[in-house]
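Report on the structure given below.
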Amino acid sequence: MNTALIILNYNDAGRTSSLALAAAAFENLTKIVIVDNCSDDDSFEKLSELRSDKIHVIKSPSNGGYAKGNNFGCLYALKNFKSEILFIANTDVAFDNDTVCAMASILIRHPEDGVCAPLVRQGYNVWRLSSYIGIIESLFLLWFTLDKKIIRRKILSSKSQVIPVGVVEGSFFALSANAYKKAKGFDERTFLYAEEVILARRLKSTGFEEVVLRDFRYDHLHSASIKKKYHSSKAKAFHNFIKSFKIYNRYYLHTNALQDIIFDYASLLAYAERIIYDLIMNIKSKL
């Protein structure tokens, strides 16, 4: 299998280096592409020291966020290595070679599956590909978390080892080159959030499914880079969240004016929920 791991870095050279060096030992990863997303520290210089026949370090022309940065890395891998399978990984994840092999094998043996992912050990990395009502529900942390918990419970109780799902989280997954090309990659109109939802919608429209492996796991220190930027505040990160979902609503769900107004009011309530959540987390951290 000809595979490539894409790691998008922004001001996180330490974690990126650790992940790249660990992954370089995996025989089922042919190439590793580190994309420095125009970090404003010395990340690119530090990461450049890792360059080898297996590890390639490139720099995006501008920081256009998750979608644009990962597209830049994927296109580099497709052009230079003719990669059949593209692995997308945040800097704050950890996985093993057996998991990589299982993910790639599924995509090779089942070309109708565009995306494959293991289950995350911490939290939840699978949810529904929602209609408009589902998007309104997913604005609210409590509702969205409960829904993901129910989905995970169903996956774990399934007798099948490979299970079709709506959306897998963007922190770590494998994507077939064929699916990537037909779906035209990630939507670069988004900067942060909703990228995996839009990708799932694009894949579905071109005949591909997303699947998870019930018996394989990876670790995720959830949103380490985001927390670093927004100081662990869900309320502060909410602006990008809403902006991305408005793009999803407009271009993929084709919402009307009334639906947009309802979404805006629901967003205000969801923002208030996040402020309360941040306050509670602040109090807990001081106890």
Side-chain angles (χ1 to χ4, degrees), residues 1-10 16 29-38 56-91 93 100 103-104 106-108 110-117 125-127 129-130 165-212 225 240-241 243-254:
M1 292 177 286
N2 186 1
T3 65
L5 170 65
I6 314 300
I7 308 172
L8 185 63
N9 173 78
Y10 180 73
T16 300
L29 287 174
T30 313
K31 298 290 183 180
I32 297 169
V33 180
I34 299 174
V35 180
D36 183 66
N37 213 11
C38 287
H56 292 243
V57 182
I58 58 177
K59 188 171 186 176
S60 58
S62 62
N63 184 359
Y66 177 100
K68 191 170 185 178
N70 276 306
N71 275 342
F72 189 68
C74 289
L75 292 173
Y76 179 91
L78 293 173
K79 178 182 178 181
N80 292 281
F81 315 131
K82 311 298 182 192
S83 303
E84 300 168 86
I85 306 293
L86 301 164
F87 287 84
I88 308 296
N90 284 5
T91 60
V93 301
V100 167
M103 293 163 70
I106 289 296
L107 296 182
I108 292 294
H110 300 280
E112 71 278 7
D113 295 335
V115 161
C116 181
N125 68 314
V126 178
W127 58 90
L129 180 57
S130 297
V165 295
V167 183
V168 300
E169 186 182 74
S171 58
F172 180 55
F173 63 92
L175 173 67
S176 74
N178 186 38
Y180 177 86
K181 292 172 185 176
K182 288 189 176 181
K184 298 181 180 178
F186 298 97
D187 190 331
E188 296 186 7
R189 288 171 292 196
T190 62
F191 183 84
L192 190 62
Y193 299 112
E195 303 93 348
E196 61 269 270
V197 178
I198 292 175
L199 177 64
R201 178 68 63 176
R202 287 183 168 189
L203 288 171
K204 185 177 181 180
S205 70
T206 52
F208 292 98
E209 283 192 336
E210 298 200 2
V211 299
V212 291
S225 297
N240 280 321
F241 183 92
K243 186 177 180 181
S244 292
F245 274 96
K246 283 185 174 182
I247 291 170
Y248 180 66
N249 288 345
R250 178 178 179 182
Y251 295 104
Y252 297 93
L253 298 183
H254 308 292

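Because the structure is predicted, anything quoted here is derived from the model rather than measured. Computed over heavy atoms, backbone and side chain alike; hydrogens, waters and symmetry mates excluded.
The only option from Val115, Val168, Ile106 that meets the side-chain contact (heavy atoms from CB on, under 4.5 Å) definition with Val212 turns out to be Val168. Test Leu203, Leu78, Ile85, Ile88 against Tyr180 for side-chain contact (heavy atoms from CB on, under 4.5 Å) and you get one pass: Leu78.
Distance alone, capped at 3.5 Å, is enough to place a donor-acceptor pair between the Arg202 side chain and the Gly185 backbone. Judged by distance alone, the side chain of Ser60 and the main-chain N or O of Asn63 form no donor-acceptor pair under 3.5 Å. A distance-only check finds a donor-acceptor pair linking the side chain of Tyr66 to the backbone of Gly170 [under 3.5 Å]. Checking side-chain atoms of Asn37 against main-chain N and O of Gly65 turns up a donor-acceptor pair under 3.5 Å. A donor-acceptor distance shorter than 3.5 angstrom exists from the side chain of Arg201 to the backbone of Ser130, with no hydrogens or angles considered. Checking side-chain atoms of Thr30 against main-chain N and O of Met1 turns up a donor-acceptor pair under 3.5 Å. Judged purely by atom type and a 3.5 angstrom limit, Ser244 uses its side chain to pair as donor or acceptor with the backbone of Tyr193.
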Practice prompt. Output, in order, the C-alpha distance, side-chain angles, deciding distance and verdict of side-chain contact (heavy atoms from CB on, under 4.5 Å) for Phe87 and Met103.
Written response: CA-CA 9 Å; Phe87 287 84; Met103 293 163 70; 3.8 Å; yes

Worksheet item: Would Phe208 and Asn178 count as a side-chain contact (heavy atoms from CB on, under 4.5 Å) if you check the C-alpha gap in whole Å, the side-chain angles of each, and the deciding distance to 0.1 Å?
Response: CA-CA 10 Å; Phe208 292 98; Asn178 186 38; 3.8 Å; yes

Worksheet item: When you look at Cys116 and His110, which way does the side-chain contact (heavy atoms from CB on, under 4.5 Å) test go after all the steps?
Response: CA-CA 10 Å; Cys116 181; His110 300 280; over 6 Å; no

Worksheet item: What do the steps show when you test Thr91 against Ile7 for side-chain contact (heavy atoms from CB on, under 4.5 Å), and what is the final call?
Response: CA-CA 7 Å; Thr91 60; Ile7 308 172; 4.0 Å; yes

Worksheet item: Should Ser171 and Asn90 be marked as a side chain to side chain donor-acceptor pair (under 3.5 Å) after you check the CA-CA gap, both sets of side-chain angles, and the distance that decides it?
Response: CA-CA 5 Å; Ser171 58; Asn90 284 5; 5.1 Å; no

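For Phe72 and Tyr76, the ring centers are positioned 6.0 Å apart or more.
Atom CG of residue Asn71 and atom NZ of residue Lys184 lie 12.5 Å apart, to the nearest 0.5 angstrom. To the nearest 0.5 Å, atoms CD1 (Ile34) and CD1 (Ile58) are separated by 10.0 Å. Note that CG of Leu5 and OG of Ser83 are 10.5 Å apart. Values are rounded to the nearest 0.5 Å. In this structure, the separation between CD on Glu196 and CG on Leu129 is 11.0 Å, given to the nearest 0.5 Å. Taken to the nearest 0.5 Å, the NE2 atom of His56 stands 10.5 Å off from the CD1 atom of Ile6. Considering CG of Asn2 and CD of Glu84, their distance stands at 5.5 Å, rounded to 0.5 Å.
Counting only heavy atoms from C-beta outward, the side chains of Ile198 and Tyr251 never approach each other to under 4.5 Å. Within the 4.5 Å cutoff, no side-chain heavy atoms of Phe241 are placed close to those of Leu192.
Listed here is the closest heavy atom pair of Ala77 and Ala4: CB-CB, 3.8 Å.
Side-chain contact of Tyr248 with Asp187: a donor-acceptor pair under 3.5 Å is absent, judged by distance alone.
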